[in-house]
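All heavy atoms count here, side chains included; hydrogens, waters and symmetry mates do not. Per chain, numbering begins at 1; letters A, B, ... match sequence-line order.
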Protein chains: 2
Amino acid sequence: MFDPVCPSDLSPIRVGDKWAGMIIRCLEQGPRRFSELRAPLRGITAKVLTQSLRGLERNGLVVRTVHAGPPRRVEYGLTPLGRSLLEPMAALCAWTEEHWDELLDARETAI
Amino acid sequence: MFDPVCPSDLSPIRVGDKWAGMIIRCLEQGPRRFSELRAPLRGITAKVLTQSLRGLERNGLVVRTVHAGPPRRVEYGLTPLGRSLLEPMAALCAWTEEHWDELLDARETAI
DNA sequence: ACGGGTGGTTACCGGCGGGATACCGGCCGG
DNA sequence: CCGGCCGGTATCCCGCCGGTAACCACCCGT
């Protein structure tokens, strides 16, 4: 039923790593610079942000463009593919918000 | 923008662990026994399956019911909450299949 | 009595994801 | 010349996730 080469291993659905989902949502409104990403993602370190962005690039969800300077600007933006992911992600967000209480309940009563 | 107590930490969206997504899809048709889950999830060990199921229970997505015997049967089934998750998950699966080629391309051209 | 299936538990272990910290070159303003 | 912002890289470290292997009680059929 699920062979060893399972889709979920390649699929960026589990959108990748810990921060990938937030990064994508940060880029929803348009391209942003490195430091403009660090700010809203409270707590992320430069290294981890770089890692995550490189991962998103590898998966074709994000493009890195260097606007040669000086001053030099580096911007990260969604590719059409990345942009297309926003829809299903929104569905997931909606689900989460809709069932927030049940999720909290389950967690508490479980302990 | 994303405070420390970020939804994605509690949300089972990144459906949980490595196997959770497949388990849920396995239970789509109805409750299954422990061994009926092990079979289709090729390669999963008893321990890891137990872990994953306990996790899904804690999140209120799966119920464990022991039909007292003898013979004793243990069945795992989706809760209404778990069942409601099938919709957004289907959206994600659809997206993945739809963009399969682009994903492969991105991976290859990236190396 | 014994083997086999069911439904696990326990101990151990390696890899990797992610965080902290330090450092870096380039360019800017003062 | 000094400091600071930008966009990173290098290094170390720790925890957790997932896998392996061994073991377990209980029940069944022969």
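Under a 3.5 Å cut-off, the side chain of A:Trp95 and the backbone N or O of B:Ser84 do form a donor-acceptor pair. For the pair B:Thr109 (side chain) and B:Asp105 (backbone), a donor-acceptor distance under 3.5 Å is present.
Following rounding to the nearest Å, B:Ile44 (CD1) and D:dT20 (C1') show an atom-to-atom distance of 14 Å. The CG-P distance, from B:Leu41 to D:dG19, rounds to 11 Å in whole Å. To the nearest angstrom, P of D:dG19 lies 9 Å from CD of B:Gln51. With rounding to whole Å, B:Ile23 atom CD1 is found 10 Å from D:dG18 atom P. Atom P of nucleotide C:dT6 and atom CZ of B:Arg32 are separated by 14 Å, given to the nearest angstrom. To the nearest angstrom, P of C:dG8 lies 8 Å from CG of B:Leu53. Separating the CG atom of B:Asp17 from the C1' atom of D:dC17 is a distance of 9 Å, rounded to the nearest angstrom. Spacing between atom CG of A:Leu49 and atom C1' of C:dG19 amounts to 14 Å, rounded to whole angstrom units.
Proximity of A:Met22 to A:Ile24: side-chain heavy atoms (C-beta onward) are nowhere separated by under 4.5 Å. A heavy-atom distance below 4.5 Å is not found between the side chains of A:Val63 and A:Glu57.
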**Prompt:** What one-letter contact string describes nucleotides 21-30 of chain C from 5' to 3', where B marks a base within less than 4.0 Å of any protein heavy atom, S marks contact via sugar-phosphate atoms alone, and - marks no contact?
**Reply:** ------SS--

**Request:** Determine, step by step, whether B:Leu61 and B:Leu78 satisfy the side chain to side chain contact (heavy atoms under 4.5 Å, CB included) criterion, reporting the C-alpha distance in whole Å, the side-chain angles of both residues, the deciding distance to 0.1 Å, and the verdict.
**Result:** CA-CA 6 Å; B:Leu61 301 174; B:Leu78 292 179; 5.6 Å; no

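Between B:Arg73 and D:dC26 there is no side-chain N or O to OP1 or OP2 distance below 4.0 Å. The phosphate of C:dG7 (OP1 or OP2) has no side-chain N or O of B:Arg38 nearer than 4.0 angstrom. Phosphate proximity of C:dG5 to B:Arg33: absent, as no side-chain N or O sits under 4.0 Å from OP1 or OP2. Between B:Arg64 and the phosphate of C:dG8, there is a side-chain N or O to OP1/OP2 separation shorter than 4.0 Å.
Residue pairs meeting the salt bridge (Lys or Arg N to Asp or Glu O under 4.0 Å) criterion with at least one member in residues 75-86 of chain B, sequence neighbours excluded: B:Arg73-B:Glu75.
The side chain of B:Arg54 sits closest to C:dG8 out of C:dG19, C:dG8, D:dG8.
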Exercise answer: donor-acceptor pairs, residues 33-40 of chain B side-chain atoms, under 3.5 Å, sequence neighbours excluded:
| unit_1 | atom_1 | unit_2 | atom_2 | d |
| --- | --- | --- | --- | --- |
| B:Glu36 | OE1 | B:Arg33 | N | 2.8 |

